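We number each residue from 1, following the sequence as shown. Everything quoted here is computed from the prediction, not taken from an experiment.
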Amino acid sequence: MDLTALLVFLIIGAIAGWLAGKIIKGGGFGLVGNMVVGILGAVVGGYLFRLVGIYNDGGLIGSIITATLGAVVLLYVIKLVKKV
């Protein structure tokens, strides 16, 4: 992975974390925390999509959607764990 790809991955993760924080009310960790969750969510989303047989073609919008859904799932799980 070259530097440009890494920066794009981080930016997509940051956007996804911000969007997930807006979608999951009360489950966010602030702007920086949500960005970290978004970056981790990008990995989780990619894994979950591959599990169900959906493959991202590498497009920007598809990557943001995948990362956002992964971040939403991650925030939801974190919210459930924090309640216990």
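Atom-to-atom distance recorded for I39:CD1 and I11:CD1 is 10.0 Å, nearest 0.5 angstrom. Atom-to-atom distance recorded for I61:CD1 and T66:OG1 is 11.0 Å, nearest 0.5 angstrom. Note that CG of L75 and CG of L80 are 11.0 Å apart. Values are rounded to the nearest 0.5 Å. Taken from CH2 in W18 to OG1 in T68, the straight-line distance is 10.0 Å, to the nearest 0.5 Å.
Heavy atoms only, all atoms of each residue included: A16 and A71 are closest at O-CB, 4.1 Å. Taking all atoms of both residues into account, the shortest heavy-atom contact from V44 to L74 is CG2-CD1, 4.5 Å.
V73 and L51 fall within a single hydrophobic cluster, where Ile, Leu, Val, Met, Phe, Trp and Tyr are joined by side-chain heavy atoms under 4.5 Å apart, directly or via other members. Cluster annotation: L69 is connected to I54 through the hydrophobic network of ILVMFWY side chains, with a link wherever side-chain heavy atoms come within less than 4.5 Å. Both V72 and V36 sit in one connected hydrophobic cluster of ILVMFWY residues. Membership requires side-chain heavy atoms under 4.5 Å apart, directly or through other members. L60 and I65 sit in two unconnected hydrophobic clusters of ILVMFWY residues. Membership requires side-chain heavy atoms under 4.5 Å apart, directly or through other members. Linking Ile, Leu, Val, Met, Phe, Trp and Tyr whenever their side-chain heavy atoms come within less than 4.5 Å leaves L7 and I64 in two separate clusters.
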Start with the C-alpha distance between V52 and L48, add both sets of side-chain angles, then the distance that settles side chain to side chain contact (heavy atoms under 4.5 Å, CB included), and finish with yes or no.
CA-CA 7 Å; V52 297; L48 291 176; over 6 Å; no

